Amino acid sequence: MSRQRQQEQEQVLRGQAVTERTAADADAGTEANAQAGTVAKAGAGTETNAGAGTEAKAEAGTEANAGAGTEANAQAGTVAKAGAGTEGNAGAGTEANAGAGTETNAGAGTEAKAEAGTEANAGAGTEANAQAGTVAKAGAGTEGNAGAGTEANAGAGTEAKAEAGTEANAGARTAAKAKQQIQALPDPKAEPETAQNQEAKSFFSRHLLEWYHGQKRDLPWRRHRNPYYIWVSEIMLQQTRVDTVIPYFERFITQFPTVEALADAPEEEVLKCWEGLGYYSRARNLQQAARQVKEEYGGQVPNDRDAVFGLKGVGPYTAGAILSIAFNRPEPAVDGNVMRVLSRYFLIEDDIAKGPTRVKMERLAAELIPEGEASHFNQALMELGALICTPKSPRCLICPVMEHCEARLAGCETSLPVKTKAKPPRPEERLAALIEGRGAHAGRVLIRQRPASGLLARMWELPHWPAPPAERGAQEALPQAAAAQDRLRRSLRQAGILARPEAHWKVAEHTFSHIVWTLQVYLCREDAPALPQAAEAPAAYAPAVPAAQRFEDGGAAPEDGGAVRWITRREMADYAFPNVFLKLLNQYFDELEAREAGAE
């Protein structure tokens, strides 16, 4: 064996050994996943042995593991199919003419078609010496110097940006940051995009924007590019219709016009302003996040993805909405409306309740955003879902993108999106007491404050307790209504409230995401001695009967022991109530005023 040939083989062996130690994944080649770089095991990769080449199909790069990747066709080059291999520009790999390949024979080289993977001689790709290599313009994994490899002009790995790649220069390395880039990478399992798919995406973005500019609704938060206003509106719009939100938004912004005003306000005022909108944890989280913005960002909503994600109550959708609408950053904002639109237009039959589907939708939505139009495009996508591509009766005939809507063409638009049904909320029957005052409390009713944490924290309500199952023994002889009244009477006594039930009044219902309360509301009368009159100051007071004297015949409810108040209708304005109790109190006072007017 010639000395030159021996030196070439020694260099190849050294380069392979180093590459093995630094490979991001033992099985992957130049993959566009977290496993970036070129894995060269068992003589594979961009091989410098005479006649050996690399055939890379689908997502696999220069892959060499148990028969994959390195196909030893005599005189074969480096063939990259479907965007893989030692990747050139626009998905072109290194396609060999004649019988060149990445050869180490003197003078041999590969002149690549398409976007030039390997150049011969001048400009050096596959040089005539042992320094043979493959030149990949738009992003290659292995940079070769004193040993075979792939030199990346753009400095990037295989779709893994500048951090990834393997250098075979007497000491190869693979960047460890490829995993951090995974969300920015193309889906490795995605089918190669066809010209038809590209046209459908372009059509969608173009026509959707045209439609939006002509048909968009005049909404109060769209009249400004104030990030704070946009943030408040997006929190309010969660699980709530636009028409319902508008008056709440206008009242909220009037009362808390800046981040600092919201941060500094008493929580009771914030909850009262939110009263009736539901999902009160949104209001609490919004105020906590406003305090974060005030303390950490000087009262300015940050224009930074990580910072916005770090705010209390802000998830992927809300962060994307704030960043795109307020700052025109190309961030996807994917909620249920958007997933419905994309599922139908692209005929995506994956379950939108699953996390991987959401990731897929976010990637697709990001691809659709036209350059410089993120703010308008994301609002247009939301608008289409709200007005045209509605859940049950999509208005396909006036849809601006109907021409390429695959679900419509397939006749299955009403069956999409696919979504696993959530577990239905658990029903719970409760006994509620609307207690009418006597004497000094005449014309007033008793309300109670909920605990400082948990469901409806610190809000005010009528006292109520779970209705237990039917009791055995003596209770079996009682009619159902009488048994319920007896249980309510004992619950009131145990809570230290001196009142007795008199008659069933109304049935009301309050639905949470996980539970449904059915409230059996009883009119009750205060017993003497009366509970103390509430002080003018907002400080709470305990029930009249000390805890040690309370009855032990049913177990104390978590709400027992909270502050109580006797209030008139006018004083309702000072307390924040869940919607169901707000309605009950208003109905009661309406009836009371009608009775008083009739008595006159």
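None of these values were measured; they are calculated from a predicted model.
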Identify whether the distance between the nearest side-chain nitrogen and carboxylate oxygen of R206 and E373 falls below 4.0 Å.
no
All heavy atoms of W274 vs all of M236, minimum pair found to be CH2-CG, 3.6 Å
Donor-acceptor contact present, side-chain R408 to main-chain C396, <3.5 Å
no
Heavy-atom pair with the smallest gap, counting every atom of C412 and L347
SG-CD1, 3.4 Å
What's the spacing between L286 CG and L311 CG if we round to 0.5 Å?
10.0 Å
Heavy atoms of S324 and N378 approach each other most closely as OG-ND2, 2.9 Å
Which class fits the ring pair F377 and F204: parallel under 30°, tilted 30 to 60°, perpendicular over 60°?
perpendicular
At what distance, to the nearest 0.5 angstrom, does CZ of F346 lie from CG of L364?
4.5 Å
How are the rings of Y212 and H376 set relative to one another: parallel (under 30°), tilted (30 to 60°) or perpendicular (over 60°)?
tilted
Salt-bridge criterion met for K360 and D350 (N-O under 4.0 Å):
yes
Can you give me the closest heavy-atom contact between V516 and T511, atom names plus distance?
CG2-CG2, 3.8 Å
Of all heavy-atom pairs linking Y297 and A307, the shortest is OH-CB, 3.3 Å
Quick one: do E383 and L208 satisfy side-chain contact (heavy atoms from CB on, under 4.5 Å)? Show the steps, please.
CA-CA 10 Å; E383 197 84 331; L208 180 61; over 6 Å; no
Is the shortest heavy-atom distance from the side chain of F309 to the side chain of L323 under 4.5 Å?
no
With rounding to the nearest 0.5 Å, note down the distance linking CG in L409 to NE2 in H404.
9.0 Å
Out of curiosity, R329 CZ to F327 CZ, how far, rounded to the nearest 0.5 Å?
9.0 Å
Using side-chain heavy atoms (C-beta onward) and a distance below 4.5 Å, is M339 in contact with V334?
yes
Heavy-atom side-chain proximity of V418 to I352 below 4.5 angstrom
no
Under 3.5 Å, is there a donor-acceptor pair between the side chain of E331 and the main chain of I325?
no
State whether the side chain of N328 and the backbone N or O of A374 hold a donor-acceptor pair below 3.5 Å, judged by distance alone.
yes
How about K419: does its NZ atom have over 12 heavy atoms from other parts shown lying under 6.0 Å from it?
no
The test is side-chain contact (heavy atoms from CB on, under 4.5 Å); show your working for V242 and R217 and say whether it passes.
CA-CA 11 Å; V242 168; R217 290 172 290 179; 4.1 Å; yes
Heavy-atom side-chain proximity of I348 to P417 below 4.5 angstrom
no
Taking atom types as modelled, is there a side-chain donor on R282 or Q238 under 3.5 Å from an acceptor on the other?
no
Can any side-chain N or O of S205 pair as donor or acceptor with the backbone N or O of S202 at less than 3.5 Å?
no
Has Q300 got more than 12 heavy atoms of other residues, nucleotides or ligands less than 6.0 Å from its CD?
no
Close side-chain approach of L384 to V401, heavy-atom, < 4.5 Å
yes
Would E413 and R395 count as a salt bridge (Lys or Arg N to Asp or Glu O under 4.0 Å) here? Give the steps.
CA-CA 10 Å; E413 65 275 9; R395 304 166 68 189; over 6 Å; no
Does E234 form a side chain to side chain donor-acceptor pair (under 3.5 Å) with Y317? I'd like the steps, not just the answer.
CA-CA 9 Å; E234 289 299 334; Y317 164 75; 2.7 Å; yes
Quick check against the 3.5 Å criterion: does Q239 have a side-chain atom that pairs as donor or acceptor with the backbone of Y279?
no
Test log, rule side-chain contact (heavy atoms from CB on, under 4.5 Å), inputs V338 and L342:
CA-CA 6 Å; V338 171; L342 297 182; 3.9 Å; yes
Using modelled atom types only, decide if a donor and an acceptor are shared between the side chain of Q287 and the backbone of A283 within a distance under 3.5 Å.
no
Check whether any side-chain N or O of R344 sits under 3.5 Å from a backbone N or O of C405 as a donor-acceptor pair, and report yes or no.
no
Between atom OG of S375 and atom CZ of R222, what is the distance when rounded to the nearest 0.5 Å?
9.5 Å
I would like to know whether Q379 and K216 meet side-chain contact (heavy atoms from CB on, under 4.5 Å); could you show each step before the answer?
CA-CA 9 Å; Q379 290 182 87; K216 65 181 177 181; over 6 Å; no
R223 atom CZ: more than 12 heavy-atom contacts under 6.0 Å
yes
Least distance between heavy atoms, I230 atom then H224 atom:
CD1-O, 4.3 Å
Are D351 and T357 close enough that a side-chain donor and a side-chain acceptor fall under 3.5 Å?
no
I'd like to check I388 versus M402 (side-chain heavy atoms, cut-off strictly below 4.5 Å). Are they in contact?
no
Supply the atom-to-atom distance E367 CD to E362 CD, rounded to the nearest 0.5 angstrom.
12.5 Å
Mutual orientation of the aromatic rings belonging to W231 and Y228 [parallel < 30°, tilted 30-60°, perpendicular > 60°]
perpendicular
Just so I know, are the side chains of P227 and N303 near enough to count as touching, which here means a heavy-atom distance under 4.5 Å?
no
Would you check if the distance from the ring center of W221 to the ring center of F249 is below 6.0 Å?
yes
Quick check: do V245 and S233 have side-chain heavy atoms less than 4.5 Å from each other?
no
